[in-house]
Amino acid sequence: MDSTVPLGNRLQGRVIPPCSKSYAQRALAAALLASGRTTLRGIELCNDTRSAIAAIEALGASVEIIDQNTLTIEGGLAPRTNVLNVGESGLAARLFTPIASLADRPICINGEGTLRHRPMSMMVEPLMELGVEVRDGGGKLPIEVCGPMRGGRVVVDGSMSSQFITGLLIALPVAERDTTIEVRGAVSTPYLDMTLDTLKRFGIEVMYHEGDYSEFYIEGGQRYEAIDYTIECDWSSAAA
């Protein structure tokens, strides 16, 4: 049954939008790489966030759910399994593949549902140029990587998605060598701003060309700081 509110009446109250799952997944990845205990507040345990939590636990983090909106994460990259299942989250697939590539053991990244049919070929050549052994499933999941990813200079096609660039930006600060990423045709640049903001909060510095995001310089050997962080609210229905 439809309901109407008569003209002249006023609605009052406070509306709090859910947390941004895009910010949440980036923060979870950063917390994995941080030394010490990170607290994430205002987090919403949706399917994509749960996929990211499962991923960082598989890669070595210890996650404790304090309440329905608060987590603590004891960081440290130390993979517990050779298979990383990211569910149906495209961001998690392209975010955690570079992070898994930091490890010196084979790790197979797999997914479920339609994610297994989505393109992942943009990751293969850049990862190989950064010193990673890659076995891919014809440009789709599953993909097996074996690092460690060492850094260097790499060209990335950014015309389809910014998600893989986000994965590289989060992973490469802890690589052995400095890295320059040349991006061709960057799209979804507000999400790259989101990534850079997350990195800054965790004490990581990245230099880049403002405006066109055509090149990023990442110093290797940086250290993520464990922080207490309230996740931003989501004012958009999109995610990347």
Side-chain angles (χ1 to χ4, degrees), residues 18-34 38 40 43-63 65 71 73 75-103 105-124 126-127 130 132-149 156 158 160-172 174 188 191-192 194-195 198 231 234 238-240:
C19 90
S20 165
K21 63 182 181 180
S22 297
Y23 257 117
Q25 290 185 79
R26 287 161 170 79
L28 286 163
L32 162 69
L33 298 175
T38 292
L40 299 182
I43 201 162
E44 182 184 7
L45 297 176
C46 63
N47 288 341
D48 284 356
T49 301
R50 290 184 184 276
S51 293
I53 291 171
I56 68 169
E57 288 181 319
L59 291 171
S62 296
V63 179
I65 298 177
L71 303 176
I73 301 99
L77 183 65
R80 299 186 173 108
T81 176
N82 291 332
V83 178
L84 192 63
N85 191 314
V86 296
E88 296 188 73
S89 173
L91 173 56
R94 297 179 180 123
L95 169 59
F96 288 106
T97 297
I99 293 173
S101 299
L102 292 167
R105 57 185 282 185
I107 298 177
C108 180
I109 295 86
N110 209 344
E112 300 172 0
T114 59
L115 182 60
R116 291 175 59 90
H117 304 289
R118 292 172 63 180
M120 300 290 166
S121 58
M122 78 292 291
M123 298 194 292
V124 176
L127 289 174
L130 293 169
V132 182
E133 297 179 21
V134 183
R135 296 174 59 188
D136 76 303
K140 297 179 174 61
L141 296 181
I143 291 177
E144 183 181 87
V145 294
C146 182
M149 183 165 57
V156 177
M160 294 179 61
S161 170
S162 66
Q163 293 173 342
F164 176 54
I165 301 169
T166 281
L168 291 175
L169 290 173
I170 291 177
L172 284 165
V174 301
S188 304
Y191 289 104
L192 293 177
M194 187 182 293
T195 302
T198 302
I231 304 295
D234 191 358

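These numbers were taken from a predicted model, which means no experiment stands behind them.
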Is the backbone N or O of Tyr23 less than 3.5 Å from a side-chain atom of Ser20, with the two atoms forming a donor-acceptor pair by type? yes
Heavy-atom closest pair (Leu115 atom, Gly87 atom, distance to 0.1 Å) is CD2-O, 3.4 Å
For Ile170 and Ala29 the tightest heavy-atom approach is CG2-CB, 4.2 Å
Using a 3.5 Å distance criterion without hydrogens, assess whether the side chain of Arg105 forms a donor-acceptor pair with backbone atoms of Pro79. yes
Tell me, do Met194 and Arg26 make a side-chain contact under 4.5 Å, heavy atoms counted? yes
Closest heavy-atom pair, Tyr191 versus Ser162, reported as atoms and distance to 0.1 Å, is CB-OG, 3.8 Å
Please tell me if the side chains of Gln163 and Leu95 come closer than 4.5 Å, counting only heavy atoms from C-beta onward. no
Of the options Leu59, Thr97, Ile56, which is the one that meets Leu84 in a side-chain contact (heavy atoms from CB on, under 4.5 Å)? Leu59
With side chains defined as the heavy atoms from C-beta onward, is the minimum distance between Leu71 and Ile53 less than 4.5 Å? yes
Here the gap from Lys21 atom NZ to Ile231 atom CD1, rounded to the nearest 0.5 Å, amounts to 14.5 Å
Are any of the side-chain heavy atoms of Leu102 and Leu172 separated by less than 4.5 Å? no
If I take atom CG from residue Leu91 and atom CD from residue Gln25, how far apart are they, to the nearest 0.5 angstrom? 4.0 Å
Nearest 0.5 angstrom please: Leu40 CG to Thr49 OG1, how far? 10.0 Å
Can you find a pair of side-chain heavy atoms, one from Val83 and one from Ile107, that are under 4.5 Å apart? no
Between Arg80 and Ala58 (side chain of the first, backbone of the second, donor and acceptor by atom type, cut-off under 3.5 Å), is there such a pair? no
To the closest 0.5 Å, what do you measure between OG (Ser121) and CZ (Phe164)? 10.5 Å
Verify, without hydrogens or angle tests, whether Thr38 (side chain) and Ala34 (backbone) share a donor-acceptor contact under 3.5 angstrom. no
Let's go through Ser89 and Ser51 carefully: what are the C-alpha distance in whole Å and the side-chain angles of both, what is the deciding distance for side chain to side chain donor-acceptor pair (under 3.5 Å) to 0.1 Å, and is it a yes or a no? CA-CA 7 Å; Ser89 173; Ser51 293; 5.6 Å; no
Arg94 side chain to Met122 backbone, donor-acceptor under 3.5 Å: no
Considering non-hydrogen atoms only, spot the tightest contact between Ile99 and Leu77 and give its length. O-CD2, 4.1 Å
Side chains of Lys140 and Pro119: does their closest heavy-atom pair fall under 4.5 Å? no
pair Arg116-Asn110: side-chain heavy atoms closer than 4.5 Å: yes
To the nearest 0.5 Å, atom CD of Glu144 lies from atom CG of Leu141 at 13.0 Å
What's the spacing between Ser101 OG and Ile143 CD1 if we round to 0.5 Å? 9.0 Å
Within a 6.0 Å radius of atom CG on Asn47, are there more than 12 heavy atoms belonging to other residues, nucleotides or ligands? no
Scanning both residues in full, the closest heavy-atom pair of Gly111 with Val86 reads CA-CG2, 4.3 Å
What closest approach, in Å, do Pro98 and Leu127 show between heavy atoms, and which atom pair accounts for it? CA-CD2, 4.3 Å
Taking side chain as C-beta onward, heavy atoms only, is Met149 less than 4.5 Å from Val174? no
